[in-house]
S.K.: 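Right, I'll just put the structure down here and ask away after.
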There are 2 protein chains.
Amino acid sequence: MANDIPDIVIGRLPIYLRALVYMDEEGDKVTTSSQELGSRLGISSAQIRKDLSHFGEFGKQGTGYHIKYLIEQLRQILHLEHDWPVVLVGAGYLGHALAHYQGFKHRGFHINWIFDNNPDKIGIQMNNMEVRDIRELDDLVRREEVQMAIIAVPASAAQNIADMLVEAGIKSILSYAPINLKAPAGVQVRYSDPVILLQRMTYYLEP
Amino acid sequence: MANDIPDIVIGRLPIYLRALVYMDEEGDKVTTSSQELGSRLGISSAQIRKDLSHFGEFGKQGTGYHIKYLIEQLRQILHLEHDWPVVLVGAGYLGHALAHYQGFKHRGFHINWIFDNNPDKIGIQMNNMEVRDIRELDDLVRREEVQMAIIAVPASAAQNIADMLVEAGIKSILSYAPINLKAPAGVQVRYSDPVILLQRMTYYLEP
DNA sequence: TAGATTGTTAATCGATTAACAATC
DNA sequence: TAGATTGTTAATCGATTAACAATC
C-alpha cells in the first residue's frame, strides 16, 4: 500500500461515491451536506468531513458539497477517471453471473476476458466473450498489461490461480474463493465470501 | 447487536474457523498455535489470543490449541451448531449462482427457497428448488420462522424487498444489491458489492 | 444579516501490540 | 527439566467524535 492515508478511509470513499451517484440520479438537488450523506449511510457527519479532508477542501461553509463536483473529485482520488480492464478466472456458475453482471461497466470496470481450465468450458460464449484456456492467461495479462483480476474458482484451485496471476503481473485480486491467499507485498487481495458474512450475523441470532 | 464483545472481533471468528477447518482437513496435525494460525492469516498471534480470550480459555500453555476442539467451540460461539435456513430473493444470474453454490451447506447454511417477481422465472427449477412467487414470501418466512435472507435483486428493487423481509420477520440480510439499505434496529444488514472492493483497490494502482 | 455547514483541533474512545508470569 | 505457548495486563497506536471558529 502506498502513502499515509488510512486504508479504512479509502474503504469508505467508494461508499460515499455510490451514495452521491444515487443522489445525483435522483436529480432533486445540486448540493448535499455531510449531515445528509451521513444519515443516508449511517455514518457521522464528522467522519465524512474528516475523511474528505485528507484529500482537500471540497465543500463550502453554509451550503455543503456540490454533488457532481464531489463525485468527480472522488473518482479522481480513486483513479476511476479511466476504465479498468479486468480478467475473470473461472467460468462456473459464479463466473457466469459475474460475466453477465451489468453493474461493472458504468462504475469503471470492464471484464474483458474469461479463463477456465475445463475443456468443456473453453470456447463457449459468455456475454459475448469466449471462454479462454487458462494456459493463455499469462501471455494475455502481460500483453494487455492488465492489473486487476477476479478469482471465481473453487478454493482448491485458488492459490494456484493467484500465483499465476501474480506471476503475470496482476496487482489487485478480488477473490470469491473461501480461502486465504498468499500474495507478495505490493499485490492487493480482497475477499468476498458470503458464508463469512452470514456466520458473522448468526452470532447475534437466537438459534 | 447484542452484548459487549466488539463486532470487529466477531467478524474475525469466521475467518479463524475457516482456516482451522482447512488445517483439520489437511490432517497433518492435531494442535496449532496462535502463532501458526496468525501467520496463515496475516494476523498477529496476540490478536488471535486476545480475540479468543473474550469467550474463554481454549488453549494450553506450551502446546497451543487442539484444532478440532477450537473448531467446535467457535461453532458454538457463532451459533453454527445447527444449520440455518435461508431465503434467497432474486432468480437472475446471481441468484442462479447462489442457488447452485456448494459452499453453503457444509458451512451451516441451507438455501431452501428462492423467490422472484418475474412470471418468466416463477415455477422454473433451480438446483432442485422451484422459483416461487414473491407474493408468497411473507407467508413462508412467517410459517417457517426463517431468520436469514439473501438479496440478489437489482438495486432499484432492493429496498422494497428488504422492507418485505423485515416485515415478515427476517433478522439478518446479506445484500448483493449495490445500495445502502434502511433497516430497523435489531435487523442486521451486510453487503457484498464487488465494485466497492475493486474501487478500494484502484486507489493504490497507477492508472 | 442570520442560519447553516465546513474544515480542523483536541479529546475521547477503542483496538492492537508488546511483554511476561504462569504453566503445560 | 527446558522449551513453548497461553491468557492477560499495560502501553501504544489509531480512529472517531465533539466542538467551534471561520465563512459562505
Side-chain angles (χ1 to χ4, degrees), chain A residues 1-16 19-20 23 28-74 76-77 200 203, chain B residues 1-16 19-20 23 28-74 76-77 200 203:
Chain A
M1 310 293 172
N3 57 10
D4 64 342
I5 292 166
D7 181 63
I8 196 162
V9 172
I10 305 301
R12 281 190 294 261
L13 300 185
I15 311 272
Y16 300 163
L20 288 162
M23 281 186 188
D28 54 345
K29 48 189 141 36
V30 173
T31 61
T32 187
S33 63
S34 58
Q35 174 94 82
E36 184 185 39
L37 187 56
S39 85
R40 275 215 190 204
L41 298 174
I43 290 177
S44 78
S45 64
Q47 178 155 88
I48 290 173
R49 293 198 302 280
K50 190 94 211 287
D51 285 352
L52 296 176
S53 75
H54 285 101
F55 304 95
E57 309 191 354
F58 306 115
K60 265 205 194 80
Q61 286 102 326
T63 56
Y65 303 90
H66 187 92
I67 295 172
K68 282 186 198 297
Y69 176 72
L70 187 51
I71 287 173
E72 201 181 288
Q73 294 301 307
L74 286 172
Q76 229 168 78
I77 292 165
R200 183 178 185 159
Y203 172 78
Chain B
M1 309 290 173
N3 56 10
D4 65 341
I5 292 166
D7 180 64
I8 196 162
V9 171
I10 305 301
R12 280 189 294 261
L13 300 186
I15 311 272
Y16 300 163
L20 288 162
M23 281 187 187
D28 53 346
K29 50 190 140 35
V30 173
T31 61
T32 187
S33 64
S34 58
Q35 175 93 83
E36 184 185 37
L37 187 56
S39 87
R40 275 215 190 204
L41 297 174
I43 290 178
S44 78
S45 64
Q47 178 154 90
I48 289 173
R49 293 198 304 278
K50 190 91 211 286
D51 285 352
L52 296 177
S53 75
H54 284 102
F55 304 96
E57 308 192 354
F58 305 116
K60 264 206 194 80
Q61 286 101 324
T63 57
Y65 303 90
H66 186 93
I67 295 172
K68 282 186 198 297
Y69 176 72
L70 187 52
I71 287 174
E72 201 181 289
Q73 294 301 307
L74 286 173
Q76 230 168 77
I77 292 165
R200 182 177 186 160
Y203 173 78

S.K.: Is there any protein nitrogen or oxygen under 3.5 Å from a nitrogen or oxygen in nucleotides 13-15 of chain D, and what are the pairs?
M.R.:
none

S.K.: Decide if atom CD of Gln35(A) counts as having more than 12 heavy atoms of other residues, nucleotides or ligands within a radius under 6.0 Å.
M.R.: no
S.K.: Taking CD1 from Ile48(A) and P from dT5(C), how many angstroms apart are they, rounded to a whole number?
M.R.: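 The distance from CD1 of Ile48(A) to P of dT5(C) comes to 13 Å, rounded to the nearest Å.
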S.K.: Listed in order of residue number, which residues of residues 51-70 of chain A have a non-hydrogen atom at under 4.0 Å from DNA chain D?
M.R.: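 Contacting residues: Lys60(A), Gln61(A), Gly62(A).
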S.K.: Would you please name every residue forming a side-chain hydrogen bond (donor to acceptor under 3.5 Å, both in side chains) with Thr63(B), sequence neighbours left out?
M.R.: none
S.K.: Determine which pairs satisfy salt bridge (Lys or Arg N to Asp or Glu O under 4.0 Å) with at least one residue from residues 41-51 of chain A, sequence neighbours left out, and list them in order.
M.R.: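 Of all non-adjacent pairs touching residues 41-51 of chain A, those that pass salt bridge (Lys or Arg N to Asp or Glu O under 4.0 Å) are Arg12(A)-Asp51(A).
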S.K.: The criterion is side-chain hydrogen bond (donor to acceptor under 3.5 Å, both in side chains); which residues satisfy it with Gln76(A), sequence neighbours excluded?
M.R.: Glu81(A)
S.K.: Could you tell me which residues satisfy salt bridge (Lys or Arg N to Asp or Glu O under 4.0 Å) with Arg40(A), sequence neighbours excluded, listed by chain and number?
M.R.: Glu26(A)
S.K.: Can a side chain N or O of Arg49(B) be found less than 4.0 Å away from OP1 or OP2 on dT6(D)?
M.R.: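 So the side-chain polar atoms of Arg49(B) do come within 4.0 Å of the phosphate oxygens OP1 or OP2 of dT6(D), strictly under.
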S.K.: For Lys60(B), what residues pass the salt bridge (Lys or Arg N to Asp or Glu O under 4.0 Å) criterion, not counting sequence neighbours?
M.R.: none
S.K.: List the residues meeting salt bridge (Lys or Arg N to Asp or Glu O under 4.0 Å) with Arg200(B), not counting sequence neighbours, and say none if there are none.
M.R.: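 With sequence neighbours excluded, Arg200(B) shows a salt bridge (Lys or Arg N to Asp or Glu O under 4.0 Å) to Asp7(A), given in chain and number order.
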S.K.: Please say whether more than 12 non-hydrogen atoms of neighbouring residues, nucleotides or ligands are located less than 6.0 Å from CD in Gln47(B).
M.R.: yes
S.K.: For residues Ile67(A) and Lys29(A), report the shortest heavy-atom separation together with the two atoms involved.
M.R.: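 Closest approach of Ile67(A) to Lys29(A): CD1-O, 3.6 Å.
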S.K.: Does anything in residues 30-39 of chain A reach DNA chain D, meaning a heavy atom under 4.0 Å, and if so which residues?
M.R.: none
S.K.: Where does DNA chain D pair, written as one dot-bracket string 5' to 3', with Watson-Crick or G-U pairs under 3.5 Å, ( ) inside the strand, [ ] for crossing pairs and | for another strand?
M.R.: ..||||||||||||||||||||||
S.K.: Is the shortest side-chain heavy-atom distance between Val9(B) and Tyr203(A) below 4.5 Å?
M.R.: no
S.K.: Apply side-chain contact (heavy atoms from CB on, under 4.5 Å) to Ser53(B) and list each qualifying residue two or more places apart in sequence or on a separate chain.
M.R.: none
S.K.: Could you pull out the closest heavy-atom pair between Ile48(A) and Ser34(A), with the gap in Å?
M.R.: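 Closest approach of Ile48(A) to Ser34(A): CD1-O, 3.7 Å.
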S.K.: Quick one: side-chain contact (heavy atoms from CB on, under 4.5 Å) partners of Leu74(A), sequence neighbours excluded?
M.R.: Leu13(A), Tyr16(A), Leu17(A), Leu20(A), Leu52(A), Leu70(A), Ile77(A)
